[in-house]
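Remarks on the structure that follows.
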Amino acid sequence: MRIIKIFDTTLRDGEQSPGATMNVEEKLQIARQLARLNVDIIEAGFPITSQGDFEAVKRIADEVRGVTVCGLARAVDKDIDRVAEAVKGADSGRIHIVIATSDIHLKYKLKMDREAVLAMAVKAVKHARQYTDDVEFSAEDATRSDWDYLCRVTENVIKAGAATVNIPDTVGYTIPQEYGELIEYLMSRVPNIDKTVISIHCHNDLGQAVANSTAAILKGAGQVECTINGIGERAGNASLEEIVMTLKTRPKYFNADTRINTREIYKTSRMVSRITGMTVQPNKAIVGDNAFAHESGIHQDGFLKERSTYEILNPEEIGIPRSKLILGKHSGRHAFKDRLSALGFQSLTEEEINKAFERFKALSDQKKHIFDEDIETLITDEITKESDVYSVASLHVVSGTGQRPTAKISLSIKGQIKEMESTGDGPVDAVYNAIKELTATKSELKKYEIKSITGGTDALGEVVVLLEEDDRVVRGSASDPDIIAASAKAYINALNKLTGINRIVKKGV
Ligand code: KIV
Ligand code: ZN
């Protein structure tokens with residue numbers, strides 16, 4: 001089976017997504033995770049563009065071991081020298097040179113003719129070879145370039161010493177069959193093609209990036225350039241996880257695989273999403289929240305009888321602990337009981353399950369999706385039947401321009417009134433600081449959301465929070481016309497759920 005090299009450009013092309021700028025520490029964190037994922041090459045940045053980019057590439061090269069670290073350069077000496085300087089501390093460093101080859105780029109952007117671009121490309125590759133054998137050349141906008149000219153450029157940069165030649169679909173213009181034919185054309189027409197690795201780099205403007213990449217792999221491409229979650233310039237790049245899992249799922253069809261440690265995929269996806277602030281759409285293949293969610297009763301029943309009836313991938317292979325069955329009003333008792341057991345409620349009696357199931361059915365008439373936290377609440381109520389540990393007795397907040405907000409809160413804790421005053425960056429922060437101190441909670445606030453239920457300034461404000469403690473995430477919610485009070489109650493609601501669950505876990509239910 002052929003091994004396809006994975007060239008990850010999340011930190012270079014991915015960072016070119018609007019709003020996805022990362023600082024050096026964040027890039028380093030992602031680079032370490034990419035090394036755990038076992039990518040072959042990390043494109044860490046474009047060092048000439050800024051001191052920050054240079055430093056990020058240098059730190060990654062100096063500190064992340066066992067992976068090739070690459071930097072991008074235009075086909076000019078000063079860019080190449082800067083990359084060479086940045087990657088010199090790497091276990092293995094690569095210089096990646098780019099110049100456009102399409103007539104449209106030559107005419108309007110470079111204002112050069114084909115011969116001049118060819119000469120510049122060759123000169124740049126030779127210059128880079130003074131530093132390393134590992135030089136990659138990219139023919140920008142290759143898919144809109146004249147195919148015979150592209151063959152000539154490819155042949156000459158290989159002669160100059162390019163170990164990898166990349167054929168980018170820079171503007172996401174090509175379609176799978178055509179891209180496959182282009183790779184086949186190069187393979188058959190360039191006489192020294194066996195001296196290089198053909199790389200592919202697809203953008204997603206027409207939503208074809210992954211399909212184009214897999215079509216090119218079938219025609220002999222040996223390296224694929226891609227990003228985590230498919231982030232990148234405009235509509236993004238080909239998604240690493242989709243390409244890797246396509247090859248893994250269809251080995252006979254592709255006769256190709258990668259060295260990726262697929263169990264690190266989900267973690268990497270979450271990390272990139274968290275750091276860049278680019279959320280993953282729920283229906284995104286492989287890593288989206290719904291990628292392994294089955295809502296229809298028929299699907300759930302089939303899945304529970306035999307996973308492969310409705311799942312072609314095993315979520316555990318991607319590092320997702322288990323398939324997420326979203327329960328709704330179409331779900332049956334079988335799915336409900338199975339979820340209870342996955343949530344750790346294995347020793348309920350049949351009677352308790354029946355009662356909880358009745359309550360679940362009633363709730364699902366009001367609520368489209370029932371999440372784990374809702375089920376945990378149902379069970380908590382059903383089993384403990386104890387009242388809440390915490391409730392808000394009173395709340396007083398002072399905030400305004402030019403003063404640090406202060407919150408004074410009284411909580412009833414197991415029937416005893418306790419009071420605390422705190423400050424914060426905003427009124428909600430002040431309230432949450434006071435609650436944290438009063439309850440001595442170990443939980444961490446993972447999410448805070450506020451929305452108005454109806455229009456107008458008198459609308460009820462609904463606050464939803466997610467709290468995490470010991471890998472368990474609970475959702476608290478509350479509504480109140482006073483949004484600060486709603487915030488306090490939502491937090492308390494989540495703390496009560498955590499306390500209830502902890503009690504059940506201790507009881508060994
Ligand atoms: O899309 C592109 O052409 C690029 C090159 C630098 C490879 O990102
Ligand atoms: Zn690109």
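Numbering of ligands and ligand atoms starts at 1, following listing order.
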Open item on the list: For the aromatic rings, using the six-membered ring if either is Trp, is the centroid distance between His96 and Phe7 under 6.0 Å?
Closed with: yes
Task: Side-chain ion pair, Glu140 and Lys109, N-O less than 4.0 Å - done: yes
Open item on the list: I'd like to check Leu72 versus Val83 (side-chain heavy atoms, cut-off strictly below 4.5 Å). Are they in contact?
Closed with: no
Task: Stepwise salt bridge (charged side-chain N to carboxylate O under 4.0 Å, His left out) test for Glu181 and Lys219 - done: CA-CA 8 Å; Glu181 282 163 10; Lys219 298 297 182 183; over 6 Å; no
TODO: Could you check whether the rings of Tyr491 and Tyr432 sit parallel, tilted or perpendicular, using 30° and 60° as the cut-offs?
DONE: tilted
If you look only at distance, which donor and acceptor atoms sit under 3.5 Å apart when one is on a side chain in residues 193-200 and the other is two or more places apart or in another chain?
{"residue": "Thr196", "atom": "OG1", "partner": "Ala162", "partner atom": "O", "Å": "3.2"}
{"residue": "Thr196", "atom": "OG1", "partner": "Ala163", "partner atom": "O", "Å": "3.0"}
{"residue": "Thr196", "atom": "OG1", "partner": "Thr164", "partner atom": "N", "Å": "3.4"}
{"residue": "Ser199", "atom": "OG", "partner": "Asn166", "partner atom": "OD1", "Å": "3.3"}
{"residue": "Ser199", "atom": "OG", "partner": "Gln223", "partner atom": "NE2", "Å": "2.9"}
{"residue": "Ser199", "atom": "OG", "partner": "Glu225", "partner atom": "OE2", "Å": "3.0"}

Task: Asp62 and Lys88 ion-paired at < 4.0 Å - done: no
- [ ] Could you grab the protein N, O or S atoms closer than 2.8 Å to the Zn ion (ligand 2) for me?
- [x] Asp13 OD2, His201 NE2, His203 NE2
- [ ] Quick one: which residue pairs count as a salt bridge (Lys or Arg N to Asp or Glu O under 4.0 Å) with a foot in residues 20-36, not counting sequence neighbours?
- [x] Glu15-Lys27, Glu25-Arg59, Lys27-Asp53, Arg32-Glu63
TODO: Flag this pair as yes if the NZ/CZ of Arg307 is under 6.0 angstrom from the six-membered ring centre of Phe303 and inside a 45 degree cone about the axis; otherwise no.
DONE: no
Ligand 1 polar-atom proximity to protein (N/O, under 3.5 Å):
{"residue": "ligand 1", "atom": "1 (O)", "partner": "His201", "partner atom": "NE2", "Å": "3.1"}
{"residue": "ligand 1", "atom": "1 (O)", "partner": "His203", "partner atom": "NE2", "Å": "3.0"}
{"residue": "ligand 1", "atom": "3 (O)", "partner": "Thr170", "partner atom": "OG1", "Å": "2.6"}
{"residue": "ligand 1", "atom": "8 (O)", "partner": "Arg12", "partner atom": "NH1", "Å": "3.4"}
{"residue": "ligand 1", "atom": "8 (O)", "partner": "Arg12", "partner atom": "NH2", "Å": "2.9"}
{"residue": "ligand 1", "atom": "8 (O)", "partner": "Asp13", "partner atom": "OD2", "Å": "3.0"}
{"residue": "ligand 1", "atom": "8 (O)", "partner": "His201", "partner atom": "NE2", "Å": "3.1"}

